[in-house]
> 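Quick one: structure below, then a few questions.
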There are 4 protein chains.
Amino acid sequence: MDLPLSAGKKSVTVKRILKAAASVFSESGFSGARVDEIAKRAGVNKAMIYYHIGDKEKLYAEVISNVIGNTAEMIEGKIKDIRDPEEKLRVYVRTFARNIDDNPQVAPVMMREVASGGKHLPEVVARDIFRIVNMLRGILKEGVEKGIFIETVPFLIHIMVLGAMITYKTSAPIRARYNWLPPGIRRLDDRISGNIADEIENIILKAVKK
Amino acid sequence: MDLPLSAGKKSVTVKRILKAAASVFSESGFSGARVDEIAKRAGVNKAMIYYHIGDKEKLYAEVISNVIGNTAEMIEGKIKDIRDPEEKLRVYVRTFARNIDDNPQVAPVMMREVASGGKHLPEVVARDIFRIVNMLRGILKEGVEKGIFIETVPFLIHIMVLGAMITYKTSAPIRARYNWLPPGIRRLDDRISGNIADEIENIILKAVKK
Amino acid sequence: MDLPLSAGKKSVTVKRILKAAASVFSESGFSGARVDEIAKRAGVNKAMIYYHIGDKEKLYAEVISNVIGNTAEMIEGKIKDIRDPEEKLRVYVRTFARNIDDNPQVAPVMMREVASGGKHLPEVVARDIFRIVNMLRGILKEGVEKGIFIETVPFLIHIMVLGAMITYKTSAPIRARYNWLPPGIRRLDDRISGNIADEIENIILKAVKK
Amino acid sequence: MDLPLSAGKKSVTVKRILKAAASVFSESGFSGARVDEIAKRAGVNKAMIYYHIGDKEKLYAEVISNVIGNTAEMIEGKIKDIRDPEEKLRVYVRTFARNIDDNPQVAPVMMREVASGGKHLPEVVARDIFRIVNMLRGILKEGVEKGIFIETVPFLIHIMVLGAMITYKTSAPIRARYNWLPPGIRRLDDRISGNIADEIENIILKAVKK
DNA sequence: AATGAATGAGGTTTCATTCAT
DNA sequence: AATGAATGAAACCTCATTCAT
């Protein structure tokens, strides 16, 4: 499945800059990122970043949009043909997991963005996220109406899924570092899709189902 | 109940520095934080930071230890006199929530620390966190043995609780910003203790109970 | 004859930085030198020093290499075509003197470097100095074999020539300062080449000859 | 033989400060020396330095006077009862050597002082040094009159002795560092008194004698 | 006399941004 | 579109000196 990062008719230079920027920002955050490092990884001259994109803030905004925008549409696509609310909820969780796995920058970037109070979050992206929560509300509501789900707070369910996933994902390097950790924690894969997503799916569904 | 931030026989100056540092680091992260700003908020000459504590890295490590260390002991204290695993689990969740509410730096600092792959996480603190997960494992295991819980992955349960709470907490300012958000999301209090913690408690227990 | 300071294909900016650095370091030593002052004298933005060369230590090492490296080769060139050991020794002394006169930074930089136990002396430069002593040993040995010199300790001879010259040279400003000094001391030129070098030459040769 | 460093009725604290200062200044020079380090080595509180002595410049001046002042008198004492100019000259050299050996700070401090153009040299000390040169002139003149010495430039002779000795002495740690140096250079003791002083003595006398 | 804490000026280094080519 | 060099502001850190006790 293709990922939205660097889509469209961007020049190859711009694409490389954005890709490099995404990786540097995701590793170091906005203030920790160095424009020099981004240019180096992109294999382009630093001045090109300013020429093609703009200053650091502009660049960051661009990255954010690429990395955590456009998720809603993707999930919507996956869900629209499904009837059963339970199955919809399962796909919702799974798609989320897939997205986080396939775009390794999503989790750290989002975490930092949240931690900083969304200081750099473009409103477009906020709206996109809201659309996702809304979608979930629709699923849950439908389930309640059909008598298979109990009443819950959709936003909380969303936060639990999202929070668990990004925390799980980003904690992988930390867990890998300490060899005194038991295998049950340390060896857990850093992929969410698969076992972890399944487990989350089950927990959420058990919590939500009548 | 007293909170661990700046306990012990530290001089008043050191306490003020650590407090100021905690707030600045939690707002801006390591690279975003300005030593000048920390000194200013502490009402202290900048050189005093170096005199009493050391450089920025050392200061950050100190803050981390103060902010997210010593949580294990606190939770253990709350739980040790309880018999019933279900009640233990509930108290576990509630205590966690209380801690996050009372120490507003915990959530953002921890998120960023996780997002950066624990680059600055002192091992002591990592061990402390592990102790917490271990405690949870004990609770869940006891519940399984007593026939009231189903088998689950303790670390995942921990991550769901933790992830949900810190994400919920830190997302408050973002949610507050957009007035096009429905009250159900926007007006949700930024406190976790109370409704939110209750809801999380219920979800987790429903997911875990036979 | 061209002097080694700032030779090669260095950019004009780098050359200016190194020249300014040499003069400031030779006046004030490593700790006393101010990067600001070096930038100012070089007519260059301070950041350029870091861009082109590196930090203060690196800059100092570069200066040391330029200032007191490459002396051996120069002396070797002057001596290789001479047969007579006595004449060789005379040229050795004279060339040394010329070098110290023409590169006013040599003497103070070397003195301070020695005084500090060679804390910043790059090994390359140490080897270069050793080569010089070795050359002198060759000359003295040849003289002994030809029956015109007595046995001496080459390193000591070297130290006497070198020590006398750099001490003489650097003491000039001090001598000039006190007008109660007799002309025989005070007015002595600060140039070594000429009278002073002749005198040293004669003393050394008288001491060494059978 | 007692050395002049910290003589008189100075309090024990002052003595310790001056001793510590001498060692730090001799290792690091004026700008490189840290008042903190001096206080630490003296085992006294930093403020005491200002209370008892004054600022860094004052402290340095004090050290200089103690370290390289009072040499003239000592040499005069050693020489005054000797008749023979040749023997006088030998004792002159030997006493110098002893002084440098016994006061390890003399050589580096003097070198740096010379290298910096005597920026911090108190005039008293300059006069003391002049007295030494004058003494040497007397010896040489006497020798010439008695028909045993040839005409030489006294200051140059002085510089050769002094320069050789302090350069030899301070170069010891550098020579010790490089194990590729031949034993003839590397293993040479760092003491001057004895072999080295003898050799210098002989060279100078051979150069000076008719 | 002595101490630990405090101060402010200034030093080194970094970094986003722009310029000239 | 692209580059290497340049800039200035600001960040971090140090250090001589002084203060309060």
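Just so you know, these numbers use all the heavy atoms, side chains as well, and skip hydrogens, waters and symmetry mates. Here is how names work: the chains are called A, B, and so on, in the same order as the sequence lines, proteins then strands, and each is numbered from 1.
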> So what does the secondary structure string of DNA chain E come out as, 5' to 3', with Watson-Crick or wobble pairs under 3.5 angstrom, [ ] for crossing and | for pairs with another strand?
.||||||||||||||||||||
> Would you mind telling me which of F:dT17, E:dT14, F:dT18 lies closest to the side-chain atoms of D:Ala47?
F:dT18
> Would you please confirm or rule out a distance under 4.0 Å between OP1 or OP2 of E:dT18 and any side-chain N or O of A:Tyr50?
no
> The side chain of B:Lys46 is closest to which nucleotide in this list: E:dC15, F:dC13, F:dC19?
F:dC13
> Just to be sure I understand the rule, does A:Ala39 reach a base, reach only the sugar-phosphate, or reach nothing, if contact means heavy atoms closer than 4.0 Å?
nothing
> With a 3.5 Å distance limit and no angle check, can you tell me whether A:Ser11 reaches the backbone of A:Val14 through a side-chain donor-acceptor pair?
yes
> Could you tell me whether A:Lys119 and A:Glu57 make a salt bridge, using a distance below 4.0 angstrom between a side-chain N and a carboxylate O?
no
> Answer whether the closest heavy-atom distance between the side chains of A:Phe25 and A:Arg112 falls below 4.5 Å.
no
> Could you tell me whether C:Ser11 contacts a base, only the sugar-phosphate backbone, or nothing, with contacts defined as non-hydrogen atoms closer than 4.0 Å?
nothing
> Minimum heavy-atom separation for C:Ser31 to C:Lys56, with atom names?
O-NZ, 3.8 Å
> What is the distance, rounded to the nearest whole Å, between atom OH of C:Tyr60 and atom P of E:dG11?
19 Å
> Could you tell me whether C:Glu37 and C:Lys46 make a salt bridge, using a distance below 4.0 angstrom between a side-chain N and a carboxylate O?
no
> When the nearest nucleotide of DNA chain F is assigned to D:Lys56 and to A:Tyr51 on a heavy-atom basis, which residue is associated with the more 5' position?
A:Tyr51
> Could you check whether any side-chain N or O of D:Arg16 sits under 3.5 Å from a backbone N or O of D:Ala39, counting only pairs where one atom can act as donor and the other as acceptor?
no
> Name the residue closer to the 5' end of DNA chain F, choosing between B:Asp36 and C:Met48 according to the nucleotide with the nearest heavy atom.
C:Met48
> Counting only side-chain nitrogens and oxygens, does D:Thr13 get under 4.0 Å of the OP1 or OP2 atom of E:dA2?
yes
> Distance check: side-chain N/O of A:Arg34 vs OP1/OP2 of E:dA16, anything under 4.0 Å?
yes
> Ignoring backbone atoms, test whether C:His52 places a side-chain nitrogen or oxygen under 4.0 Å from the OP1 or OP2 oxygen of F:dG4.
no
> Between E:dT3, F:dT3, E:dA6, which nucleotide gets closest to the side-chain atoms of A:Asn45?
F:dT3
